[in-house]
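Each remark here refers to the structure printed beneath this line.
Position 1 is the first residue of the sequence, and the numbers go up from there. All values derive from a computational prediction rather than experimental measurement. Atom set for the values below is all heavy atoms of this structure, side chains included, hydrogens, waters and symmetry mates excluded.
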Amino acid sequence: VDLDSSGLNVLANELGEHLPERAILLDIGHSKTNLLYRRQNRNIHLRALAFGYSRLVKTVSSALGLSPDEGLQRLLSLRLEEPPGTPEDERALKAIRKEILSLSKKIEVSILSVQPQEREPEPELLVLSGGGSRLEGLAPALETALGIPVRCLADLLDLGLFNNFSELPTDLAQFAVPAGLALMDRRRTDGFNFLEEALRTTRGLFMKWRQHLRYAL
């Protein structure tokens with residue numbers, strides 16, 4: 001969690017002025033998805049969602065009776081925004097759209113949980129990264145489900161992001177978290193510190209029970 005949050009924090013800082021006041025970074029990994037909510041140039045909420053592109057591979061494999069490797073190849077060949085060409089594609093697309101709808105519900109719940117006011121404006125942009133962002137048509141499908149503009153990080157690299165790399169890999173958007181970690185400042189002045197709160201809570205419980213034990217003795 002700490003590594004993911006630090007990498008995404010640097011990624012958000014690299015995007016900087018290209019992000020609106022309220023934005024979401026959605027990094028879709030193999031077995032989980034990290035959602036970073038950013039407001040007024042500050043990262044204020046990180047949540048791990050139980051969703052990954054391996055789930056989509058399993059969905060396609062189950063729908064078509066394929067092996068996982070075959071399911072991955074079929075998944076990457078599909079175009080979510082285009083009409084299915086075969087009955088097999090239609091079955092696969094129907095199953096995938098169901099999973100995407102489930103993901104959009106998780107995103108909506110995350111947005112509601114972080115809003116300080118009931119009628120706060122919706123996020124103005126959602127940026128996709130990670131291996132799951134390779135799926136053709138995922139961005140417009142999520143945009144339709146959420147009613148929020150969605151773009152892939154790969155489409156934003158022409159803005160001059162990650163200029164600190166001497167050579168810019170073409171698949172950088174798939175490895176946004178490692179790329180962010182590579183650019184991190186060693187002082188770690190930015191980002192989250194989950195350990196601080198956890199240790200404070202643990203120490204508080206320790207002090208409380210030590211006091212009770214003193215009374216008992």
Side-chain angles (χ1 to χ4, degrees), residues 1-53 55 99-133 138-139 141-156 159 161-162 173-185 187-202 204:
V1 172
D2 190 54
L3 292 175
D4 288 344
S5 63
S6 300
L8 288 178
N9 178 73
V10 175
L11 172 60
N13 292 336
E14 287 288 329
L15 288 169
E17 62 184 14
H18 302 295
L19 289 178
E21 181 179 346
R22 296 175 303 280
I24 291 176
L25 274 66
L26 196 71
D27 190 72
I28 304 177
H30 179 264
S31 58
K32 69 168 182 170
T33 293
N34 290 310
L35 183 150
L36 178 67
Y37 191 97
R38 186 174 173 90
R39 184 196 296 129
Q40 296 178 344
N41 295 323
R42 291 183 59 216
N43 304 323
I44 61 172
H45 181 68
L46 177 72
R47 184 182 181 192
L49 307 178
F51 180 90
Y53 65 84
R55 185 166 174 174
E99 292 294 340
I100 293 175
L101 182 61
S102 174
L103 174 61
S104 67
K105 295 297 182 184
K106 291 181 173 66
I107 296 172
E108 288 175 347
V109 169
S110 299
I111 294 173
L112 288 174
S113 67
V114 78
Q115 289 181 343
Q117 299 179 5
E118 184 177 352
R119 297 186 179 181
E120 179 173 327
E122 294 287 337
E124 302 167 80
L125 178 66
L126 187 147
V127 179
L128 290 177
S129 66
S133 64
L138 178 59
L142 279 175
E143 186 170 306
T144 301
L146 295 169
I148 300 171
V150 179
R151 295 191 66 183
C152 291
L153 179 61
D155 300 329
L156 302 178
L159 298 175
L161 309 175
F162 301 108
Q174 299 181 41
F175 305 101
V177 170
L181 291 173
L183 295 174
M184 272 189 64
D185 185 351
R187 295 174 298 175
R188 287 208 57 186
T189 55
D190 296 327
F192 298 92
N193 189 347
F194 294 97
L195 298 180
E196 179 182 0
E197 183 64 29
L199 291 175
R200 183 186 300 118
T201 302
T202 303

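Contact check for L11 versus L153: side-chain heavy atoms found under the 4.5 Å cut-off. The shortest distance between side-chain heavy atoms of L103 and R55 does not fall below 4.5 Å. Contact check for L26 versus V150: no side-chain heavy atoms found under the 4.5 Å cut-off. With a 4.5 Å cut-off on side-chain heavy atoms, P123 and Y37 count as touching. Annotation: side chain of L19 is in contact with side chain of L25 (closest heavy-atom distance under 4.5 Å). Within the 4.5 Å cutoff, side-chain heavy atoms of I28 are placed close to those of L138. Looking only at side-chain heavy atoms (C-beta outward), E99 and F51 come within less than 4.5 Å of each other.
For the pair E124 (side chain) and R22 (backbone), a donor-acceptor distance under 3.5 Å is present.
The nearest pair of heavy atoms linking S133 to S129 is OG-C, 3.7 Å. Closest approach of R47 to S110, counting heavy atoms only: NH1-OG, 2.7 Å. Considering every non-hydrogen atom in both G130 and D27, the closest pair reads N-OD1, 3.2 Å.
In this structure, the separation between NE2 on H45 and OG on S113 is 4.0 Å, given to the nearest 0.5 Å. Distance CG/L128 to OG1/T33: 9.5 Å, rounded to 0.5 Å. Atom CG of L36 and atom CD1 of I24 lie 9.0 Å apart (nearest 0.5 Å).
Under 3.5 Å, the side chains of N43 and N9 contain a donor-acceptor pair of N or O atoms.
For K106, the side-chain hydrogen bond (donor to acceptor under 3.5 Å, both in side chains) test picks out S102, with sequence neighbours left out.
Of the candidates Q40, R38, R39, E21 forms a side-chain hydrogen bond (donor to acceptor under 3.5 Å, both in side chains) with just one, namely Q40.
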### Task
Go through the steps for I107 and I148 under the test side-chain contact (heavy atoms from CB on, under 4.5 Å), then give the verdict.
CA-CA 11 Å; I107 296 172; I148 300 171; 5.8 Å; no
